[in-house]
Amino acid sequence: MTDTRALAAQALADIALHGKSLREAMEQRAPKLRDPRDRALLMALLSDGARWWLRFDAALDRLLEKPLRRKEPEVHALLVLGLVQLEILQLQDYAAVAATVEAARALNRPRLAGLVNAVLRRWQRERTDLLADLDAQPQTRYAMPPWLVNAITTDWPTHVDAVLADSNREPPLMLRANRRRVTRDALVEQLRANDYNAEPHPWLADGIVLPHSSDVTRMPGFTQGLFAVQDGAAQVAVDLADVRDGQRVLDACAAPGGKACHLLERADIALTAVEFDAARSTRIRQNLDRLGLQADVRVGDAGDPSGWWDGKPFDRILIDAPCSATGVLRRRPDVRLHRRASDIDALVAQQQHILGALWPLLAPGGRLVYVTCSLLRAENEAVIHHFLAHHSDAKSSALELPIGQPAATGWQILPGDGDLDGMYYAVLERS
Ligand SMILES: C[S@@+](CC[C@H](N)C(=O)[O-])C[C@H]1O[C@@H](n2cnc3c(N)ncnc32)[C@H](O)[C@@H]1O
């Protein structure tokens, strides 16, 4: 089958109803489409379908007498995609409806094609009232699970609407100039000469912003390793590490190697990059190779250094801890569908464990940077407070960044602050 919308419906049902990741679903279905424009439409349908699922899935409860979610998951997903095409992608009404009805046939559901048509037509007639109804609750206005709305309301009561709205905006494309190979200004000039609308980020040393994502592998300088794709909030982590020539540095949760490469671009250091997941660790090596950098890449558990540590202390340790990813929902729209409130305690336990296991590896006078892409205080300052309460040789440094908010300890960038991803940072010094 090569009907883009039908493929999208199968993939979206896998993502929203069967727990598959957006990336896996895309990798499975995209090769069936030859035309790059069809693949781009598939990607747009899956990203916006996952992002807005909880809004339009709820709309279908009002539009359908009998729910299809369980009995006909692909047709249910197709209807969500019909609404996404009308409301989010703003495709022409006639084309969107006709193509969605056609996709029901491509899914071998000709008897449901009439229903698909009727539901989308009813939406068009009643949309003003239905939208008002959906907008009345934050869960359906922002298409977020109730537990996450509650958690953000508790942790960031004065920022809730901004955080939820910005978590749904299309993020810009951000690059990091590889200063070993090019200056940022020269790269910006090169990109502009090739008709890319590139701007240096106003307060990042290596960051470049472009308004929309595009196929970076076709951009000038990609193959030569002049840049990497990396959100600006991630680039801040390496500023805070403040690495100097000659230091031994540990990047403890390293794949795919964004921050590892940035550390190596900044100074002549001996870097050990540890990653638990062997498949993901190959991506660290690929990125190092493309950017012309070297590190000692180890597949191992950051929480059990006996498996990979040579016994010599590190001057700098970066822990980019596994977390809920609640700060990067705009780039990973499927996370909200898969993450559960009950995951948070297990993540906190992992974060505390990794921090405690790596602290003894830090040289006296050394610096440890703890980072998450979470918005939840439990994974951020609460982890640091718990750690400080048990380690008298640790002191947290006061942070003051040009963008974001002070946390009780450390600093938080919320999604949308300076158009960056949401990220938390704490810097610990060892006496
Ligand atoms: C937030 S990502 C890291 C992103 C990376 N620092 C970068 O900038 O590209 C967290 C990574 O930690 C890895 N991880 C999770 N638990 C780990 C552990 N106990 N030891 C080592 N790596 C772990 C995950 O597989 C994942 O690749």
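Numbering of ligands and ligand atoms starts at 1, following listing order.
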ask   = Can a salt bridge be assigned to the pair Asp334 and Arg23 using a cut-off of 4.0 Å between side-chain N and carboxylate O?
value = no
inquiry  = Whether Asp296 and Arg298 form a salt bridge (side-chain N of Lys/Arg under 4.0 Å from carboxylate O of Asp/Glu) is what I want to check.
reply    = yes
Qualifying salt bridge (charged side-chain N to carboxylate O under 4.0 Å, His left out) pairs with a residue from residues 306-328, counting only residues at least two apart or across chains = Arg248-Asp310, Lys259-Asp320
Pairs involving residues 175-210, ordered by first then second residue, that meet ring pair (Phe, Tyr, Trp, His ring centres under 6.0 Å) (sequence neighbours left out) = His201-Trp203
inquiry  = Check Asp239 with Arg266, please: is the shortest side-chain N to carboxylate O separation under 4.0 Å?
reply    = yes
key: Test side chain to side chain contact (heavy atoms under 4.5 Å, CB included) applied to Thr183 - qualifying residues, sequence neighbours left out   = Asp185, Ala186
As a test of reading the model: which N/O atoms of the protein lie under 3.5 Å from N/O atoms of ligand 1, and at what distance?
unit_1: ligand 1; atom_1: 6 (N); unit_2: Cys253; atom_2: O; d: 3.1
unit_1: ligand 1; atom_1: 6 (N); unit_2: Asp320; atom_2: OD2; d: 2.7
unit_1: ligand 1; atom_1: 8 (O); unit_2: Lys259; atom_2: N; d: 3.0
unit_1: ligand 1; atom_1: 8 (O); unit_2: Lys259; atom_2: NZ; d: 3.0
unit_1: ligand 1; atom_1: 9 (O); unit_2: Pro256; atom_2: N; d: 3.4
unit_1: ligand 1; atom_1: 9 (O); unit_2: Gly257; atom_2: N; d: 3.2
unit_1: ligand 1; atom_1: 9 (O); unit_2: Gly258; atom_2: N; d: 2.8
unit_1: ligand 1; atom_1: 19 (N); unit_2: Asp301; atom_2: OD1; d: 2.9
unit_1: ligand 1; atom_1: 20 (N); unit_2: Ala302; atom_2: N; d: 2.8
unit_1: ligand 1; atom_1: 22 (N); unit_2: Phe276; atom_2: N; d: 3.1
unit_1: ligand 1; atom_1: 25 (O); unit_2: Glu275; atom_2: OE2; d: 2.5
unit_1: ligand 1; atom_1: 27 (O); unit_2: Ala255; atom_2: O; d: 3.3
unit_1: ligand 1; atom_1: 27 (O); unit_2: Glu275; atom_2: OE1; d: 2.8
unit_1: ligand 1; atom_1: 27 (O); unit_2: Glu275; atom_2: OE2; d: 3.3
unit_1: ligand 1; atom_1: 27 (O); unit_2: Arg280; atom_2: NE; d: 2.8
unit_1: ligand 1; atom_1: 27 (O); unit_2: Arg280; atom_2: NH2; d: 2.9

